[in-house]
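The block underneath contains the structure these notes are about, expressed in structure tokens.
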Number of protein chains: 2
Amino acid sequence: MQIAEEVVGQIQAGVLKPGELIPSESELVRTYGVSGGTIRKAMAEVRASGLVETRHGKGSTVVDRPPVRHRSSDRFRRSHRQGGKAAYLAESAQSGATAEVKVLHIGPVEVPAEIADRLGVDAAAQVLARRRLYLRNGTPVETATSYLSWDVVKDIPELFAENPGGGGIYARLEDHGHEFAEFVETLQARPSSKVEAAELALTSGAPVIRLVREAVTTSGRVVEVCDTLMAADQFVFQYRIPAAD
Amino acid sequence: MQIAEEVVGQIQAGVLKPGELIPSESELVRTYGVSGGTIRKAMAEVRASGLVETRHGKGSTVVDRPPVRHRSSDRFRRSHRQGGKAAYLAESAQSGATAEVKVLHIGPVEVPAEIADRLGVDAAAQVLARRRLYLRNGTPVETATSYLSWDVVKDIPELFAENPGGGGIYARLEDHGHEFAEFVETLQARPSSKVEAAELALTSGAPVIRLVREAVTTSGRVVEVCDTLMAADQFVFQYRIPAAD
DNA sequence: CAGTGGTCTAGACCACAAA
DNA sequence: TTGTGGTCTAGACCACTGG
């Protein structure tokens, strides 16, 4: 812990600059006069602080800046959609980062039990799943799967396309008479499993956030459920809560 | 990783039951025929999964069940306050758990830079801080510090008391003409530092959530900023977002 | 190829818990 | 006192990187 604190301190004090390689583990072994295993644990601590990125065979680099993106609750404003951008790209445009969306799968699937409950469909029903991976500056930060009731999507061919058109799927749904009343988001943070860590290019155990969003129409129906897994270090969430009675 | 998966599998399969001690590390060394260091790392993996709690000198126990509490965004409804309960206790009443609040400190402090910014006060200003620790079923789950502008609180003696009376500090503020318009919550999840883990009785590195809430009055002023640190495994957050234009 | 991080070993010593 | 987890050592071997 002492060694880790010293290294972190050197980074924060600017002795080690962003983009720079920090001393190798064997070098630290020599300078501190401790064994390799101890240095390994110290470096694991430094990594956990998020100030450093380690690559096997190369070394550890001071990270340029923890790239955090804001998720504010006004990202569902219609005015963002009418600008011709999906929520994700609308946000990225504000922060000046390169954003990319990779579509992993679009097609009918058997609905997972938890989603069926939220969508209000039968347990064995077929739904449309749209699974995609979001990248930011080339690194994956988020996987998201939208589930849509079949009877809602069957008349909207755009929802089967990789690119659903300007404004994203929410705009298409409103085009077809599904007017949204509200979105309900449920968040939970937990350590990542191994496969999740691999998907999001995280070290195993690094925190992830699971966010499940229900899109509720003015008729009270949940037409879409979006199940999202995010690298926790990449996001800050902001919600405005009216002080209702 | 293989050993960790096998142990986790045994827990999930019910071979190892909640409350039960799992085999000791030296026992695992014998059964798997690997060295102690390897077992240590495997157990660290199992711990990270959250299925197990380890106590030095005793062993590792299968955790009974992760007790999760909901934080819904309607917990600031005035009707909850008028019922004579603070937000925290109002929530706990719904979930049937024993809740406890321990006041750690109430008094004037020099305002932290980040808070000064949000409160809209000078950098060196004095503010009232109310620091408290929330316990659930006897274990700490959350620390929270409320910061209030001095000129707001100086006329409200209840805010200096351990128990500010029915409805909590928000009710007292509204009693004195500060009517709330909205609350803005900002969340971020990250691994816990050593001291944070100690405060919340977590294993170091387990995810925590930092939540900062600003209470905004109808006159547009932020009268309170509440800085909260929570054990991530204890909370699920839910927010309702109106589909505004 | 040399240097780096990643994993493992066998053993030592310490601190804590419970009988 | 015994058994537990927690930390460290000195050294081995492997896999990856980049010249």
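A, B, ... follow the sequence lines: proteins, then strands. Residue 1 opens every chain.
Residues from residues 20-31 of chain B lying near DNA chain D, meaning a heavy-atom separation below 4.0 Å, are B:S24, B:E25, B:S26 in numerical order.
Residues forming a side-chain hydrogen bond (donor to acceptor under 3.5 Å, both in side chains) with B:T145 (at least two apart in sequence, or on another chain): B:R131. When the ring-ring contact (aromatic ring centres under 6.0 Å, His included) test is applied to A:Y239, the partners found at least two apart in sequence or on another chain are B:Y239. For B:E114, the salt bridge (Lys or Arg N to Asp or Glu O under 4.0 Å) test picks out B:R118, B:R210, with sequence neighbours left out. A:E185 is linked by a salt bridge (Lys or Arg N to Asp or Glu O under 4.0 Å) to A:R75, A:R213, counting only residues two or more places apart in sequence or in another chain. Every ring-ring contact (aromatic ring centres under 6.0 Å, His included) that B:F160 has, sequence neighbours left out, goes to B:W150. B:Q10 meets the side-chain hydrogen bond (donor to acceptor under 3.5 Å, both in side chains) test with no other residue; sequence neighbours excluded.
Residue B:I3 contributes atom CD1, which lies 11 Å from atom C1' of C:dC8 at whole-angstrom precision.
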Exercise for the section: Produce a footprint string for nucleotides 9-19 of chain D: one letter per nucleotide, 5' end first; B if the base is under 4.0 Å from any protein heavy atom, S if only the sugar-phosphate is, - if neither. Expected result: BB----BBSS-
Tabulate below the donor-acceptor pairs under 3.5 Å that side-chain atoms of residues 21-28 of chain A make, not counting sequence neighbours, or state none.
| unit_1 | atom_1 | unit_2 | atom_2 | d |
| --- | --- | --- | --- | --- |
| A:S24 | OG | A:S26 | OG | 3.2 |
| A:S24 | OG | A:E27 | N | 3.2 |
| A:E25 | OE1 | A:R40 | NE | 3.2 |
| A:E25 | OE2 | A:R40 | NH2 | 3.4 |

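Checking B:E53 against B:T61 by side-chain atom types alone, no donor-acceptor pair falls below 3.5 Å.
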